[in-house]
Amino acid sequence: MRVVSTKAELKSLLDACRLEGKSISLVPTMGALHEGHASLVRRSVAENDVTVVSVFVNPTQFNDKNDLKNYPRTLEADCALLEKEGADIVFAPTVEEMYPEEDTRVFAFSPLDTVMEGACRPGHFNGVAQIVSKLFYAVEPDRAYFGEKDFQQLAIIREMVRQLSFDIEIVGCPIVRENDGLAMSSRNTLLSAEERERALTISRTLFKSLEYAKGNNLAETKAFVEAAINETPGLDLEYYQIVDGNTLQAIEEWSDSEYVVGCIALFCGKVRLIDNIVYKDKE
Ligand code: PAF
């Protein structure tokens, strides 16, 4: 496995791979890797000749300076995990390497980015699109892998690929959960033992709501989830939205869509967590 920090080094490694006709994939990450990332890397390694994993905490997608400052950075441990999972290249650039000058590009993803994370974190998805497009230009992968935990991000990246005509297959991969149900997230390491215990209410409630939804309408199911979170001390709900999985717009009845997903965001203490659950799948 090679670890490089400049686009020039990356390009020379990838040019050689392309000359040999190898397929190239990208797994974009912000590091602090866990089993969720490992599952993306394993799938990428199984489906492509060369797997590039980027490790870069992207400043332009943080709308909160403290969040950026506190975001865990663990490059050495990340490289050990990536080596074990069979990644070929780690691209870990500096901020100056990715943003030699200010990126003033403004993307338009409305209405995908006007709801949920887009509404709560102004500018977040513009920053995600800035860095992911820069990574796509630098790597020119055949495929790129993203986790479905960031459900809205995945939809927006697909839209960005469509708008910018990237010839890249976007592969969405299922949420990976701890044995007790907590969705894996780099931010989980920031939770105290007590907060982590409280955070279990999130997945437990979402799973219970699947059963509840069988005998209740959508508004009742939404209220069921909201009440369970609001009744748990230490959890501060930002939103629970039940949406059409393609348009991300809130729906009112189960029958309004063939693909129905519940998306939640909340603070557990100072740590912001997201999760989601599929009520009706697209297939
Ligand atoms: O999902 C993430 O970790 C980040 O948003 C991404 C896609 C790596 C862009 O910085």
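Heavy-atom basis, side chains included; hydrogens, waters and symmetry copies ignored. Quantities reported herein were computed from a predicted structural model and do not represent experimental measurements. Whatever order the structure lists ligands and atoms in, that order sets their numbers, starting from 1.
With T232 contributing its side chain and A228 its backbone, the two residues share a donor-acceptor pair below 3.5 Å. A donor-acceptor distance shorter than 3.5 angstrom exists from the side chain of S192 to the backbone of E195, with no hydrogens or angles considered.
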Distances for all N or O pairs of ligand 1 and the protein under 3.5 Å?
{"residue": "ligand 1", "atom": "1 (O)", "partner": "Q153", "partner atom": "NE2", "Å": "2.8"}
{"residue": "ligand 1", "atom": "5 (O)", "partner": "Q61", "partner atom": "NE2", "Å": "2.9"}
{"residue": "ligand 1", "atom": "5 (O)", "partner": "Q153", "partner atom": "OE1", "Å": "2.7"}
{"residue": "ligand 1", "atom": "10 (O)", "partner": "Q61", "partner atom": "OE1", "Å": "2.6"}

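Under the salt bridge (Lys or Arg N to Asp or Glu O under 4.0 Å) criterion, the residue pairs touching residues 73-96 are R42-E85, with sequence neighbours excluded.
Within 6.0 Å of atom CD in E252, 12 or fewer heavy atoms from other residues, nucleotides or ligands are found, so the atom counts as exposed in its surroundings.
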Checking ring pair (Phe, Tyr, Trp, His ring centres under 6.0 Å) for the pair F62/Y71: CA distance, chi angles, key distance, verdict?
CA-CA 10 Å; F62 285 81; Y71 200 86; 5.6 Å; yes
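The distance from the CG atom of L248 to the CD atom of E117 is 11.0 Å, given to the nearest 0.5 Å.
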